[in-house]
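This is the structure I have questions about; it appears just below.
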Amino acid sequence: MFSKWPHNAPAASRLRRTLAFRLAAAYSLVGLALVLLATASLYFVLRTELDKSTEQFLADKLHVVRTILQERPSDRDALREEIELETAARRYQQFYIRLLDDHGVPILTTPGMADQLDVAELIRRTRNRPEHSVSMTGLHGRPFRVASAIAWAAFSPPRDDTIQIAVDVSQEEGLLRHYRLWFWAILLASSILFPLLGYGIARRGIRPVEEIAATARRITSTNLGERIQAEGYPSELASLAGTFNKMLERLEESFERISRFSADIAHDLRTPVNNIRGEEEVALARARTVDEYREVIESTLEESVRLSELIGDLLFLARAERPLTELRRERVNVDRLLSVVCDYYEASASNGGISLVTNQDAEPLTAELDRALMLRAVSNLVANAIAHTPTGGRVTLAARSEDAATRIEVSDTGRGIPAEALPRVFDRFFRVDPSRSSASGGTGLGLAIVQSIITLHGGQAEITSQLGQGTCVALRIPLTAS
Ligand SMILES: Nc1ncnc2c1ncn2[C@@H]1O[C@H](COP(=O)(O)OP(=O)(O)OP(=O)(O)O)[C@@H](O)[C@H]1O
Ligand SMILES: [Mg+2]
C-alpha cells in the first residue's frame, strides 16, 4: 500500500497513475459533459423559439393581408397602409410585403424592398414551398426569412394574386451568434478550470493518505511511539488513521514485551552461570580435598539443573507459540488426573503444614485433553499455591463440568496477590515480589506456561485473588476444540 513508484517510470506515466490525476480527470470529464449538455440544449431551445416566433410573425402578416383582401377587395388604401406605411415605420424586425396580380405584375410593394432583396431569387426559393418560410440572404448580406402564398385560398370569386413576405432576422441571428461565442468561451474556460480545480481538490482530499504513508515510512523499532494526528481528517480517513494507530499501539506493546522478555532471559541465565563460575573459580584457587570437590560439584549440579529447567521452560513456551503446534488429545479422566497431582505434591504440602484436598463430583468427569500438558499446567498451579500458602493453610483442587466446558480450579488460603499485580501474573518472568521469588527459585514462567497450555486447548485461564485471603485459578476448557 505504501510502496514507492519505480524509479525509472517517466514523470508523465507516474502522474497518470496517481489517484489525484484520475479523480481530476473524472471530475473534468463529467463537468465538461454537463456544461456541454446544458449550453447546447439552451442554444437549441433558444433557436427553436426564435424560429417559431418568426414563423408566427410571417403567418400573422399573411393573415392580415388576406383579411384585408377578402373584406375590402377594392379598398386599395387599407392594403397600401398595411403594406407601405406600417412596414416603413418599423425600426426593428423590418419586414417587406409584395402583392402580385395573377399575371405576376406587382400591384403593391413595401418601399425599398427591391434594394434589400433579389426578388427573382425570392420567387425561386419559395416556389415549391407555399406558406412555408425559408432562409435567404439579402443583397446587403442581411439574413431574411421569406415566404410566399397565393391569396385566393378561400375567396369567392377566387383570386390568384401572390403575396410575398420577407422579414429581416438579423437581430435573431445576432443573438444566436452572440450565444455561440459565449458557448465556446465557457467551454474553453471549463476545459482549463475543471482539470486544475479537480486536481487541487483531489490533492487536498488525499493529503491525509500521504501523511499516513509518510508516518508509516518513518516508523522503525525505535520510534514505535509515533502516532498519526487525525484531527480534521474526513471520517473514512480518520478511521483508517485510527486503525493504523491501534496497530502501532499493538506493535509497540509486543515490542516492549519482547525486549523486556529478552532482558529477563539474559538476567535469569546469567545468575546461575555466574554462580557456577564463581564456585568453580574459588575451588580451583588452591588444592582441595575430595569432599570439598564433591561439595562444589553438587552445588554446581543444582545450578545446572535450574539452568536446564529454565531453558526447557523457554523452549516449551517458544514451541507452544508456533501456530501449528499440535496437541496429543486423548480421553482423560479428570478426577484421576487431579489425584495424580495431589499424590505428587502430598509430601511437600505436609512438610509445609498445608492440607491438600480434592473436591470431586459424584459423577466421574472425563474430557479430551493432552494428558502430559494438563498435568504440567495443574502441577504449576499447585506448586504456586503451596509456595504462597503459610502453615495451617489449605489448597483445594476441584473439577466440574460447565456448559460445554470442563472447569478445573486450584484455590488456596494463602497470602493472595495485590490487585494491581493481577493483570500481569500471566506475563513471562513476572513475579509479584522478585527478590523473594528469586531466592526461592521461581523464575516467573509457571503461569505463562499454564496460560499457553490452556490457549492450545482453546480455553481460558482466569485468576482471582484477595490479599491475605487466598487465590483461585480457574481453567476453562471447551469440550469441543475450536
Ligand atoms: N497461588 C498464589 N498465591 C500468591 N501469589 C501467587 C500465586 N500464584 C502465583 N503467584 C504470584 O505470581 C507470580 C508468578 O507466578 P509464576 O508461577 O508465573 O512464577 P513463579 O512461581 O514465580 O516461578 P516459576 O513458576 O516459573 O517457578 C509468582 O511469583 C507469585 O508472586
Ligand atoms: Mg510458579
Side-chain angles (χ1 to χ4, degrees), residues 257 260-261 263-272 275 302-321 338 341-342 344-345 348-349 352-359 373-398 408-456 460-475:
R257 203 161 344 115
R260 204 171 346 122
F261 186 41
D264 287 341
I265 293 176
H267 178 263
D268 276 63
L269 289 178
R270 196 179 57 183
T271 313
N275 289 349
E302 217 172 273
E303 293 287 358
S304 307
V305 169
R306 256 186 77 182
L307 250 182
S308 77
E309 274 173 10
L310 171 61
I311 291 169
D313 284 352
L314 286 172
L315 269 177
F316 176 84
L317 281 170
R319 279 202 210 108
E321 235 166 43
L338 295 191
V341 178
C342 252
Y344 185 81
Y345 281 97
S348 76
I354 299 163
S355 63
L356 190 58
V357 292
T358 57
N359 242 353
L373 290 185
M374 277 316 288
L375 265 177
R376 185 166 187 176
V378 179
S379 301
N380 281 1
L381 295 181
V382 174
N384 279 352
I386 292 174
H388 298 284
T389 303
T391 311
R394 188 169 36 157
V395 174
T396 312
L397 283 80
I408 299 173
E409 280 181 6
V410 177
S411 46
D412 62 56
T413 56
R415 77 188 67 211
I417 301 169
E420 66 275 11
L422 263 188
R424 296 192 52 204
V425 289
F426 287 107
D427 287 0
R428 292 165 190 187
F429 290 111
F430 178 80
R431 287 164 294 199
V432 174
D433 178 2
S435 54
R436 201 205 81 84
S437 299
S438 282
S440 71
T443 51
L445 291 177
L447 286 179
I449 288 172
V450 170
Q451 189 168 48
S452 67
I453 289 172
I454 300 308
T455 307
L456 280 177
Q460 292 125 16
E462 289 153 16
I463 187 162
T464 47
S465 187
Q466 280 280 326
L467 209 53
Q469 306 263 307
T471 304
C472 173
V473 183
L475 311 179

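Counting starts at 1 for both ligands and their atoms, following the listed order. From a predicted model like this one, the values you see are computed outputs, not experimental measurements.
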| field | Over 12 non-hydrogen atoms of neighbours within 6.0 angstrom of CD in Q466 | value |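 Atom CD in Q466 is not crowded, with 12 or fewer foreign heavy atoms closer than 6.0 Å.
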
| ligand 1 versus D412: contacting region, heavy-atom distance under 4.0 Å |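 For D412, the contact with ligand 1 is made by the side chain alone.
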
| said: Please determine whether a side-chain nitrogen of the Lys or Arg among D264 and R431 lies less than 4.0 Å from a carboxylate oxygen of the Asp or Glu. | reply: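 Here D264 does not pair with R431 in a salt bridge, since their nearest N and O are not under 4.0 Å apart.
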
| Which option out of R424, H388, R428 puts a heavy atom nearest to atom 4 (C) of ligand 1? |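 Among R424, H388, R428, the closest heavy atom to atom 4 (C) of ligand 1 comes from H388.
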
| said: As an exercise, identify every atom of ligand 1 less than 4.0 angstrom from a heavy atom of F430. | reply: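 Every atom of ligand 1 under 4.0 Å from some heavy atom of F430: 13 (C), 14 (C).
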
| task | Determine, stepwise, if the pair L381 / L475 fulfils side-chain contact (heavy atoms from CB on, under 4.5 Å). | result | CA-CA 10 Å; L381 295 181; L475 311 179; 3.9 Å; yes

| query | Hey, mind stepping through R376 and D313 against salt bridge (charged side-chain N to carboxylate O under 4.0 Å, His left out) and telling me if it holds? | reply | CA-CA 11 Å; R376 185 166 187 176; D313 284 352; 2.7 Å; yes

| query | How does F426 reach ligand 1, by side chain, by backbone, by both or by neither, if only non-hydrogen atoms under 4.0 Å count? | reply |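 F426 to ligand 1: no contact under 4.0 Å from either part.
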
| ligand 1 contact on T443 by region, counting heavy-atom pairs under 4.0 Å |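 The part of T443 near ligand 1 is both the backbone and the side chain.
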
| Which of these, G414, S465, G444, has its nearest heavy atom closest to atom 19 (O) of ligand 1? |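 Nearest option to atom 19 (O) of ligand 1, by heavy atoms: G444.
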
| request: With heavy atoms under 4.0 Å as the rule, classify the contact between R431 and ligand 1 as side chain, backbone, both or neither. | output: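 Both backbone and side chain of R431 come within 4.0 Å of ligand 1.
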
| said: Which residue in the set V341, I453, L338 passes side-chain contact (heavy atoms from CB on, under 4.5 Å) when paired with M374? | reply: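 Among V341, I453, L338, the one meeting side-chain contact (heavy atoms from CB on, under 4.5 Å) with M374 is I453.
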
| query | In the protein, how many N/O/S atoms are under 2.8 Å from the Mg ion (ligand 2)? | reply |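 Counting protein N, O and S atoms closer than 2.8 Å to the Mg ion (ligand 2) gives 1.
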
| message | Below a 4.0 angstrom heavy-atom separation, can you tell me which part of V432, side chain or backbone, both or neither, approaches ligand 1? | response |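 The answer is both, backbone and side chain.
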
| query | Sequence neighbours excluded, which residues qualify as ring pair (Phe, Tyr, Trp, His ring centres under 6.0 Å) partners of F261? | reply |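 In terms of ring pair (Phe, Tyr, Trp, His ring centres under 6.0 Å), with neighbours along the sequence ignored, F261 is linked to F429.
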
| field | Smallest separation among heavy atoms of R394 and T413, with atom names | value |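 R394 and T413 have their closest heavy atoms at N-OG1, 2.8 Å.
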
| said: Just to be sure I'm reading this right: ignoring hydrogens, which of I417, T471, N384 gets closest to atom 17 (O) of ligand 1? Compare them by their nearest heavy atoms. | reply: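 Selected option, by shortest heavy-atom distance: N384.
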
| Can you list the residues that meet the side chain to side chain donor-acceptor pair (under 3.5 Å) rule with Q451, with sequence neighbours excluded? |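 Once residues adjacent in sequence are excluded, Q451 has no partner under the side chain to side chain donor-acceptor pair (under 3.5 Å) criterion.
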
| Pairing residues for D268 by the side chain to side chain donor-acceptor pair (under 3.5 Å) criterion, not counting sequence neighbours |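 Per chain and number, D268 pairs via side chain to side chain donor-acceptor pair (under 3.5 Å) with no residue.
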
| said: For L397, is there any backbone N or O sitting under 3.5 Å from a side-chain donor or acceptor partner on S411? | reply: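 Not a single qualifying donor-acceptor pair exists.
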
| field | Min N/O separation L447 to ligand 1 under 3.5 Å | value |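 Yes: some nitrogen or oxygen of L447 is under 3.5 Å from one in ligand 1.
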
| request: Please confirm whether the backbone N or O of L447 pairs with a side-chain atom of N380, one donor and one acceptor, at under 3.5 Å? | output: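 No; judged by distance alone, with no hydrogens or angles, the pair does not exist.
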
